[in-house]
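Here the structure comes first, spelled out in structure tokens, and everything after it is commentary.
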Amino acid sequence: MEPFLERLRSGEILISDGALGTMLMRGGLRPGQCPELLVVEQPDLITSIARQYLEAGADAVHTNTFGASPMKLSDYGLEERTEEINQRAVNLVAQVVDDRAYVSGSCGPSGKIMQPYGDFKEEVLYDGYERQMRTLTDAGVDIICIETMFDLREAVLAVKATKAVSPQTPVMATMTFDKTPKGYSTVWGNSIEESAAGLQEAGADVVGSNCGHGMENMVEIARRFREATSLPLLIQSNAGLPETIDGEIVYTESPQLFAEKTHELIDIGVAVIGGCCGTTPEHIRAIKGVVDSQ
Amino acid sequence: MSLLEQISTSLQQGEDKQVFELTNEAIAEGIPAKEILDNGLIAGMDIIGEQFRKHEIFLPEVLLAARAMYAGMDQLKPLFAKEGIPSIGKVVLGTVQGDLHDIGKNLVGIMLKGAGFDIIDLGKDVPPEEFVETAVREGAEVIGMSTLLTTTTPMMTQVIELLKEKGFDSTIKTIVGGAPVSEELARDIGADSYGYDAASAVDRVKELIG
Ligand code: B1M
Ligand SMILES: [Zn+2]
């Protein structure tokens, strides 16, 4: 396959995949169960989801490693299995996509709060990210995707850790913003402009946003990012925000809406488009339809 | 500025060492512990809560203020015992199973402690049985459940149902809170009360026990 960043540089629009977490819940993930351990416990579920996204048209398929940093795994007492879990997760996706799509190593926030606001030392988080990133890149991911970050300082650590262990691996880094009366900001108080600049300086190759919003706001966020940086952008929107209807948890934005909004994202100049919570292979198929028609 | 106002201001600025010193100063001046708490520490924390809701400040500032609140409260605790201020009730608190968000729950815990409740904090990812068993064993009047995930709101229902099943629903009250929870949802799942934020959680728990 042609290197990921070269395709972006040539102006091609690529598609990443949709939700994993909400698909795992539909596949039987129980509350309290570690989602990342499913690569060991239910590998067939993981490969089945990867296959569905590949068939829907994803050019990049994420590994089930969002919470597979040692910091996050420690919540389940699984810290020592960091290498095993990350490695297996990569192998499962690699085996499915077989060079038809990029394997994207997903990495979410540690869930630990750094000093002085919380108890964790910066070095502990950095070392933990290095450990996860080393395993993911050694196992052969094509891209690293650092996502759903809300503390820019932590996101920067994760980007730097990746570049330290594997300078040639492209890094996508996206954050989650809240809409406030004073504009978009993470709960930690990082604006879009500050985030774009900080991530770029840390060495990210692609920046943007995922989660926290449906397409309406995401288009606005994409526009702000476009004004803030010349780097390629990644946008992965939720299918709306979860609502409880008759005791069922539903995400209401349809694949059709995703298709409409994909036009807008392309007009803004977003380079990689995918989905987050509540999106399904149908949403990815809808994005694919629009991208192909361009 | 009065000493108590200074405590409130230092707390809002997240200056834990200053809050520690000023609290000790206030104690030395003979100001009753309850007054230091209400008009110093809690007054400051209320303002922080309000500013956070209005997006005037962000989470890091809230966390620093919470740390400062602890610094002051630790000095007051021995006095509460000495001044004979009894615990006004026991609350078992936790984030429900499947949910690892605990920042909001911790704030609720601090404020409840500040208000004079005995808090048994079970942490996060707490299974329904643990809520119920602990509350029964410890003789708690209230179970407080927090969740930030829409997908784990059904775990609150499970706790409430387990209480019913075991016949404790009339002696142990429940209060729920967290961003995806609303007054309406609380009513639908049969919770006894709902807390919009940490300050309102205190008022609601007082109502439940009162
Ligand atoms: C007992 O009575 C009461 C009474 C009142 C009560 C109460 C109990 N509990 C709370 N209250 C009330 O009083 C408190 C003080 O005023 C208030 O508490 P809150 O907790 O509401 O407010 C806190 C003071 C501040 N708020 C917070 O602390 C939450 C902030 C955000 C950014 C957030 C964080 C920090 C985290 N997250 Co997560 N996270 C988000 C949040 C997005 C956002 N902008 O809010 C949210 C909650 N997360 C979400 C998700 C989906 C997730 N998170 C996850 C993980 C994490 C971290 C671990 C990284 C981290 C938690 C760290 C920690 N130790 O808590 C994952 C789940 C892990 C798990 N199994 O739990 C993951 C699934 C993965 C992901 N996609 O990010 C979303 C939930 C969507 C939904 N409605 O279901 C989310 C809204 C982000 C988003 N915009 O999509 C009131 O609600
Ligand atoms: Zn999401």
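Proteins get letters first, then strands, A, B, ... in listed order; numbering begins at 1 in each. Any value given below was found using the heavy atoms of this structure, including those in side chains, with hydrogens, waters and symmetry copies removed. The structure displayed is predicted, hence computed values, not measured ones.
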Legend entry - B:Thr153 OG1 to A:Ile249 CD1 distance, which is reported to the nearest 0.5 Å: 5.0 Å
Legend entry - Validation row: A:Asp178, B:Phe58 side chains within 4.5 angstrom (heavy atoms): no
Legend entry - Any B:Thr151 side-chain heavy atom under 4.5 Å of A:Met25 side chain: yes
Legend entry - Part of A:Thr22 lying under 4.5 Å from any heavy atom of chain B: neither
Inset, instruction - Measure A:Leu241 against the heavy atoms of chain B and call it side chain, backbone, both or neither at under 4.5 Å. - result: neither
Inset, instruction - Could you check if a side-chain atom of B:Lys124 sits within less than 4.5 angstrom of a side-chain atom of A:Asp75, using non-hydrogen atoms only? - result: yes
Inset, instruction - Quick one: pull up NZ in B:Lys54 and NZ in A:Lys182 and give me the separation to the nearest 0.5 Å. - result: 10.5 Å
Legend entry - Residue part contacting chain A, namely of B:Leu149, when any heavy atom lies under 4.5 Å: neither
Inset, instruction - Please name the pair of heavy atoms, one in A:Pro116 and one in B:Leu64, separated by the smallest distance, quoted to 0.1 Å. - result: O-CD2, 3.6 Å
Legend entry - Which portion of A:Tyr251 sits near chain B, non-hydrogen atoms under 4.5 angstrom: neither
Inset, instruction - With the side chain counted from C-beta on, respond yes when A:Ile113 and B:Ile103 share a heavy-atom pair under 4.5 Å apart, and no when they do not. - result: yes
Legend entry - Flag if over 12 foreign heavy atoms under 6.0 Å of CD, B:Glu35: yes
Inset, instruction - Answer yes or no: are there more than 12 heavy-atom neighbours, outside A:Gln115 itself, under 6.0 Å from its atom CD? - result: yes
Inset, instruction - Using a cut-off of 6.0 Å, state whether more than 12 heavy atoms not belonging to A:Glu201 lie near its atom CD. - result: no
Inset, instruction - Output the distance between atom CZ (B:Arg67) and atom OH (A:Tyr117), rounded to the nearest 0.5 Å. - result: 10.5 Å
